[in-house]
Amino acid sequence: MNPTPPRERICMLTGGGYPYRRDALSGWCRTLVEGLRRFRFELLTVTDREPPSAPAYPLPMNVGSARAVAVGRDAAKIGKPENRNERRSERNERRRAEAELSKNAATLLCRGLIGERSDEQTFADGLRRVAERPSALSALPLADALVEAWRTGHAEDGDPPLPRLSMRDARTAATLLRHALGALTVDLPESDLVHCIGGTTPLLTALAGRWRQGVPLLLTEARTPVARHKPHEERLSPAVRTVLRRFRGSVARTGYAEAGLIAPLSAYHHSWALRHGAQAAKLVQVPAGVDPSEYPGVAEPESDPAVVWAGSGGPDSGLAALLAAFEQVVAAVPGTVLHLVGVTAAHEDYCAELIERTGLGRTVRLHPLPADPRDRYTLGHVVAHVPGPADPPYRLVEAMMSGRAVVGVDVGPAAETLGDAGVLVQPGDPAELAIAVVGLLRAPNRRRALGDAARRRALTHYTNDRVVRVYGELYADLAAPPPAASFELALAVPAPRCEPPVTLRWLVSERQDG
C-alpha cells in the first residue's frame, strides 16, 4: 500500500481575521482553505485586541491548527529567564552586550524611519536585529533614538517639513512603536510557506518568521497602508502621527523586499506596490472572487425603496459619508430605508450614536452579517458602496454578483472593478452620492439593467474558482521542497563500453591473481 504523499504546510497569517471574525477578507481566506484541500493549513491571526475564544467558522479537515495571539503591551516579559548559576561578571557582560545591541537596533530603526527613502535598508536592518533577538525589545531606547534621528531627518517628497518633536512626543511614539514591534515576538507554526494577508501587524510577524526560520513568504496586498492617520489617532500630536505613518510604510516596503511573491488584488494595489518599492517581477495580480452560487441574483423585493450598505460600521468604514448622503436621499424619496449589513457588536454603539445625531433613526436598520450570503443584499434595490480608505473590493464584488445596481465611490480599485456596470461618484461629495442613488431608485428599468450588467461582469472576471486555481499554483511554486541534489557518476572512461572500465578490470584481475 502506497503511503499518503506529504502535503505542503501553509501558515495563513492574518491580522485578527479568519477564522475568528466574519468579514469580507475572512470569507476570502475561507474560500482558499476550503478550495485547496491538497494543502495543510496552520491558521494564525495576530491582533491588538483581545483574541476570540473560538473560531467563527467551522474548520475543514485540512486545517492542522488555529491560534489567535494578542500582541501584549508588556514587552518586559519577553526573553529568556535569568540563569541563577551564571556568575555576576558574566551576567553583567551579557547585559552590557544586550544593551549595546538594543541601542544599535533602535538607532538603525529610527534613522531608517526618519531619514530618506535611501535609508530603507537601514530600517530593515534594525527590524531584523530585533526579530532575531526578541529579548532586546524591552530595552530598546526608542525615545532617545527618535530625538536623535529627528534632528537630521528629512521630509518625504511632497510632504511639509517634519513637525516639532518634543520629548513627550518621543516617549509616546516609542511606546506605540514598542507595542507594534511586539508582533515580531510571535512564533510561527512549523510550515513550508507563510501566506500573509492583512496589514502591518501580521506582516511584522511574517517578517520575523522569514528571518528566524527562513520560511518563504507570499504576501497578499489586500489593504494598502493608510496614508493618513487613523480616526482613533486624531488625539495624537502631528509628530507622533508622522512616526506611525512612516513606520507602516517602512514595514510595507520591507515586506515587499523580503516576499518571494506579492499578489495584489487589483491594478490599484499593483501600482501602489510598485510606487513603494516592490519589484515588478515579484507581482502576480490576482483579482478578488466570490462563489456565484452564494449570490444567485434574486429578484428585487416588493417593498418600499431600500438601499443596502455592507461594512463593519466602525469609525473608518465609510459610514459617516453614507449617512450624510442618505439624509438627502430620504428628503427626495420619502419612505426609503437604509439597511446597514455586517455591523459588528463592537461598533453597534458607535453606529447608534451616529444615526441618532443625524436624526435618521426611523429609516435605518442595523443587521449583523448574515450566515447565509444570499441574504446580504436581497433587502435592497440599490447598493451603496462607500468603503473605508483601505478596504479591499470584496463587498463590491459581492454586490455585483448579487445582481444589484451599485453606486460606488471612486476610491481605491472601485473604478476598475465596477467598470461601466454601475454608477461611480467622486469621494467627499455626499450630494453627488445622493443624486446617483435617487436617480436609480426612480428608474427601475435602468436599475435592473445595471444589476444584470454587474452580475455578468462579476461572472466573467471575479469568481473564486479562478482565485483558488491561481493561489494553488503560487503555493506549489513557493512551498514545494527544493529539488533533490543530483549526483553525477564520473568514470575514467566514457560509457557506454563493450567491456568493463579499466579500473574495474584491474580490480578483477588483482583478485584473481590473489
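Residues Arg376 and Tyr295 bring a donor and an acceptor atom of their side chains to less than 3.5 Å of each other. Judged purely by distance below 3.5 Å, without hydrogens or angles, the side chains of Thr344 and Ser312 never pair a donor atom with an acceptor atom. Between the side chains of Asp375 and Thr378, no donor-acceptor pair of N or O atoms lies under 3.5 Å. Donor-acceptor pairing under 3.5 Å is lacking for the side chains of Thr14 and Tyr20.
Of the possible polar contacts, none joining the Thr47 side chain to the Ala70 backbone as a donor-acceptor pair under 3.5 Å is found. When atom types are taken as modelled, the side chain of Arg246 and the backbone of Ile114 share a donor-acceptor pair closer than 3.5 angstrom. Using a distance-only test at 3.5 Å, with no hydrogens or angles considered, no donor-acceptor pair links the side chain of Trp150 to the main chain of Cys110. Arg362 contributes no side-chain N or O that, together with a main-chain N or O of Gly359, makes up a donor-acceptor pair within less than 3.5 Å. Panel note: side chain Arg404, backbone Val308; no donor-acceptor pair is recorded below 3.5 Å. Checking side-chain atoms of Trp28 against main-chain N and O of Gly289 turns up no donor-acceptor pair under 3.5 Å. Side-chain atoms of Lys282 never come within 3.5 Å of backbone atoms of Gly260 as a donor-acceptor pair (strictly under, hydrogens ignored). A donor-acceptor pair is defined here as one N or O able to donate and one able to accept, closer than 3.5 Å; no such pair exists between the side chain of Ser237 and the backbone of Asp169. In this structure, the side chain of Arg374 engages the main chain of Ser293 through a donor-acceptor pair within 3.5 Å.
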Quick one, His270 with Ser266, criterion side-chain contact (heavy atoms from CB on, under 4.5 Å). Give me CA distance, side-chain angles, the key distance, then yes/no.
CA-CA 6 Å; His270 187 282; Ser266 64; over 6 Å; no
Could you please spell out the steps behind the side-chain contact (heavy atoms from CB on, under 4.5 Å) verdict for Arg210 and Val194?
CA-CA 8 Å; Arg210 171 75 183 143; Val194 174; over 6 Å; no
Would Leu109 and Thr122 count as a side-chain contact (heavy atoms from CB on, under 4.5 Å) if you check the C-alpha gap in whole Å, the side-chain angles of each, and the deciding distance to 0.1 Å?
CA-CA 7 Å; Leu109 274 171; Thr122 303; over 6 Å; no
Does the side-chain contact (heavy atoms from CB on, under 4.5 Å) test come out yes or no for Thr45 and Tyr18, once each step is laid out?
CA-CA 7 Å; Thr45 186; Tyr18 181 76; over 6 Å; no
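Atom-to-atom distance recorded for Thr242:OG1 and Leu113:CG is 10.0 Å, nearest 0.5 angstrom. Interatomic distance, CG of Leu219 versus CG of Leu207, reported as 8.5 Å (0.5 Å rounding). Taking CG of Leu177 as the start and CG of Leu142 as the end, the distance is 6.0 Å to the nearest 0.5 Å. Note: Leu338 CG to Leu322 CG = 5.0 Å, rounded to the nearest 0.5 Å.
In this structure, Val298 and Tyr377 have side chains that are not in contact, with every pair of non-hydrogen atoms separated by 4.5 Å or more. Between Leu340 and Val364 the shortest side-chain heavy-atom distance falls below 4.5 Å. Within the 4.5 Å cutoff, no side-chain heavy atoms of Val337 are placed close to those of Pro305. For the pair Leu43/Leu59, a side-chain contact is recorded, criterion being any heavy-atom separation below 4.5 Å from C-beta on. A 4.5 Å side-chain heavy-atom check between Leu176 and Leu244 finds at least one atom pair inside the cut-off. Proximity of Ile355 to Leu323: side-chain heavy atoms (C-beta onward) are separated by under 4.5 Å at one or more points. Met401 places a side-chain heavy atom less than 4.5 Å from the side chain of Leu459. Annotation: side chain of Val307 is in contact with side chain of Thr336 (closest heavy-atom distance under 4.5 Å).
Residue pairs meeting the salt bridge (charged side-chain N to carboxylate O under 4.0 Å, His left out) criterion with at least one member in residues 284-301, sequence neighbours excluded: Glu300-Arg447, Glu300-Arg448. Note on residues 310-358: pairs passing ring pair (Phe, Tyr, Trp, His ring centres under 6.0 Å), not counting sequence neighbours, are His339-His367.
Note that Arg22 lies in the cation-pi zone of Tyr57, set by a 6.0 Å cut-off to the ring centre and a 45° limit from the axis.
Within a 6.0 Å radius of CD in Glu327, more than 12 heavy atoms belonging to other residues, nucleotides or ligands are found. The number of heavy atoms from other shown groups lying within 6.0 Å of CG (Asp349) does not exceed 12.
Checked against the 6.0 Å centroid criterion, the rings of Tyr471 and His195 qualify as a close aromatic pair.
A salt bridge does not link Arg469 with Glu473: every distance from a Lys NZ or Arg NE/NH1/NH2 to an Asp or Glu carboxylate oxygen is 4.0 Å or more.
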Using residues 407-427 as the side-chain source, report each donor-acceptor pair under 3.5 Å to any protein atom, sequence neighbours left out, with the distance given to one decimal.
{"from": "Glu416", "atom 1": "OE1", "to": "Ala267", "atom 2": "N", "distance (Å)": "2.9"}
{"from": "Glu416", "atom 1": "OE2", "to": "Ala267", "atom 2": "N", "distance (Å)": "3.4"}
{"from": "Glu416", "atom 1": "OE2", "to": "Tyr268", "atom 2": "N", "distance (Å)": "2.8"}
{"from": "Thr417", "atom 1": "OG1", "to": "Pro413", "atom 2": "O", "distance (Å)": "2.8"}

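Ring planes of Phe123 and Phe247: perpendicular class, angle over 60° (limits at 30 and 60°). Using cut-offs of 30° and 60° for the angle between ring planes, the His276 and Trp272 rings count as parallel.
Summarising the geometry of His461 relative to Pro287, their closest heavy-atom pair is O-CB, 4.5 Å, with the distance given to 0.1 Å.
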